Protein chains: 2
Amino acid sequence: MVMQVRAGRLHVMLWRRANEPFAGAWALPGGPLLPDETLGASVARQLASKVEVQQLSHLEQLETRSDPDRDPRGRTVATAYLGLVPSHLDPALPEDTAWHPTDGLPETAFDHGSIVGSALGRLRAKLSYTNVGFALAPPTFSIAELRDIYVAALGYEVTATNLQRVLLRRGVLEATGETAAPGRAGGRPAMRYRFASPALEVTDPFAVLKPPSDRILPGRR
Amino acid sequence: MVMQVRAGRLHVMLWRRANEPFAGAWALPGGPLLPDETLGASVARQLASKVEVQQLSHLEQLETRSDPDRDPRGRTVATAYLGLVPSHLDPALPEDTAWHPTDGLPETAFDHGSIVGSALGRLRAKLSYTNVGFALAPPTFSIAELRDIYVAALGYEVTATNLQRVLLRRGVLEATGETAAPGRAGGRPAMRYRFASPALEVTDPFAVLKPPSDRILPGRR
DNA sequence: CCAAAAGTGTTGCCTATACACCCATGT
DNA sequence: ACATGGGTGTATAGGCAACACTTTTGG
């Protein structure tokens with residue numbers, strides 16, 4: 001599935017089914033795996049009809065569903081993927097495809113509603129301990145803009161002050177040196193930042209039970 | 001795959017292949033998914049010939065591998081699972097099956113070595129922010145015994161003092177009220193503890209960017 | 001009385017949140 | 001000047017690792 005922050009809310013791309021089962025219901029894009037095709041390649045192929053795949057800033061595998069009853073036509077095994085599109089892009093979508101806010105999903109086909117739910121949980125957790133933010137944000141941004149993206153994805157308020165501090169200390173963000181022009185109401189011009197790395201990295205690896213700092217070097221005991 | 005702490009080291013159960021490809025190499029137990037069978041049920045069925053499935057204290061899905069070349073006989077898609085056996089059990093294994101320490105694996109068939117590697121990473125991470133320890137430990141134990149289990153699984157030294165504090169504070173452990181007899185060398189009798197929950201729970205949900213207790217936005221779960 | 005093992009008290013460090021204050025711009 | 005939005009300084013709180021110290025046993 002593809003997710004993007006649009007207009008301050010996190011959205012997921014859904015496709016309206018024309019045929020039974022679940023005709024008229026919204027579903028995640030997907031389709032059968034071809035012989036000699038990787039799952040990742042298959043995802044790219046399935047999405048090609050919806051968005052330009054180059055617009056995906058991140059793609060990761062979620063879980064594999066195998067309930068024999070998940071498709072009334074018969075047994076299917078489906079592996080879900082999560083793709084992210086940075087907020088400054090606005091891919092042209094086909095007629096039957098649209099963005100839906102994740103906090104107000106319509107009736108969905110199959111088990112797709114629950115798949116979106118677990119994708120959400122995964123994305124939110126990773127915003128805390130990795131740099132996934134890079135995949136939702138434009139190339140450069142002010143802290144205020146980044147905050148809006150985090151708020152949309154996390155679903156709760158985050159202050160720009162603390163977001164800036166956490167991400168700068170970890171080295172996730174770096175200043176570009178440029179500033180943004182203030183709005184019509186004035187105000188100090190915002191500095192523009194960018195993510196230091198364009199690929200997923202774990203930035204807060206150990207919650208607790210960290211390996212003792214002075215015993216990493218000398219090897220084993 | 002099945003993992004267990006044995007004799008102070010984390011082990012994984014492997015099976016010696018009799019036939020080509022990879023004849024003689026060690027492999028993870030597994031096999032084809034039957035029609036109308038859930039992946040979880042399939043895992044249980046595959047393992048039934050190796051261990052008594054009731055001995056598994058935890059089972060969770062890992063990733064799905066789809067590289068067309070992962071099996072020289074032709075395309076296969078495989079979903080890996082991680083099962084854990086508490087350290088006080090010693091399942092009887094078939095002739096061709098044995099435990100191998102994860103820090104000294106033999107040559108393995110297919111991509112199984114790399115699958116074990118990612119399972120290890122996942123298990124270690126979860127020891128930090130969940131109560132998975134319950135699945136590796138016996139029903140009750142002293143802190144010293146639990147420490148040995150954590151050390152084996154994590155691969156680095158952990159002090160009993162701090163382990164106790166972290167797990168007690170989080171409510172992951174609770175005292176049974178019983179004490180263990182000291183060894184022949186004497187020493188204060190250890191209190192015995194148990195895990196408060198026999199199922200996986202996330203005990204340290206947010207690394208950072210926690211929702212401010214009073215500012216959770218309405219309607220955005 | 002001593003050694004061994006278990007558990008507690010205490011300290012210091014680090015991280016994160018909250019909030020006050022200062023800075024730079026438009027009107 | 002003043003309003004507006006951006007950024008920094010500082011106080012506070014909490015979690016964790018390290019280590020000293022106390023408790024309880026066997027010899």
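Just so you know, these numbers use all the heavy atoms, side chains as well, and skip hydrogens, waters and symmetry mates. Here is the naming used below: chain letters follow the sequence lines, and residue numbers restart at 1 for every chain. Keep in mind that what you see is a predicted model, and the values were worked out from it rather than measured.
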Val43(B) versus Leu59(B), closest heavy-atom pair with distance:
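Taking every non-hydrogen atom into account, CG1-CD1, 4.0 Å.
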From [atom1] of [X] over to [atom2] of [N], roughly how many Å is that when rounded to an integer?
| X | N | atom1 | atom2 | answer |
| --- | --- | --- | --- | --- |
| Asn162(A) | dA13(D) | CG | C1' | 13 Å |
| Leu173(B) | dG7(C) | CG | C1' | 14 Å |
| Glu157(B) | dA17(D) | CD | P | 13 Å |
| Met191(B) | dT23(D) | CE | P | 16 Å |

By nearest heavy atom, map Pro189(A) and Val166(A) onto DNA chain C; which one lands nearer the 5' end?
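It is Val166(A) whose nearest nucleotide is closer to the 5' end.
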Run the numbers on Arg70(A) and Asp111(A) for salt bridge (Lys or Arg N to Asp or Glu O under 4.0 Å), then give the verdict.
CA-CA 6 Å; Arg70(A) 63 184 294 280; Asp111(A) 51 1; 2.9 Å; yes
From C-beta outward on [X], which listed nucleotide comes closest to its side chain: [options]?
| X | options | value |
| --- | --- | --- |
| Ile143(B) | dG7(C), dA17(D), dG7(D) | dG7(C) |
| Gln164(A) | dT25(D), dG9(C), dT8(D) | dT8(D) |
| Arg188(A) | dT17(C), dG5(D), dT24(D) | dG5(D) |
| Pro182(A) | dT25(C), dC19(C), dG6(D) | dT25(C) |

Kindly indicate whether the side chain of Arg165(A) and the base of dG9(D) share any N or O donor-acceptor pair separated by less than 3.5 Å?
yes
Below 4.0 Å: OP1/OP2 of dT15(C) and any side-chain N or O of Arg169(A):
yes
With a cut-off of less than 4.0 Å, is there a side-chain N or O of Arg170(A) near OP1 or OP2 of dA16(C)?
yes
Look at all strands and tell whether Thr161(B) reaches a base, only sugar-phosphate, or nothing, counting heavy atoms closer than 4.0 Å.
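Touches a base.
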Would you mind classifying the nucleic acid contact of Ala144(B) as base, sugar-phosphate or nothing, using non-hydrogen atoms under 4.0 angstrom?
sugar-phosphate
Could you verify whether a donor N or O on one side chain and an acceptor N or O on the other, from Thr179(B) and Arg188(B), lie under 3.5 Å apart?
no
Separation between CG of Leu120(A) and CD1 of Ile115(A), rounded to the nearest 0.5 Å:
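Going from the CG atom of Leu120(A) to the CD1 atom of Ile115(A) covers 13.0 Å.
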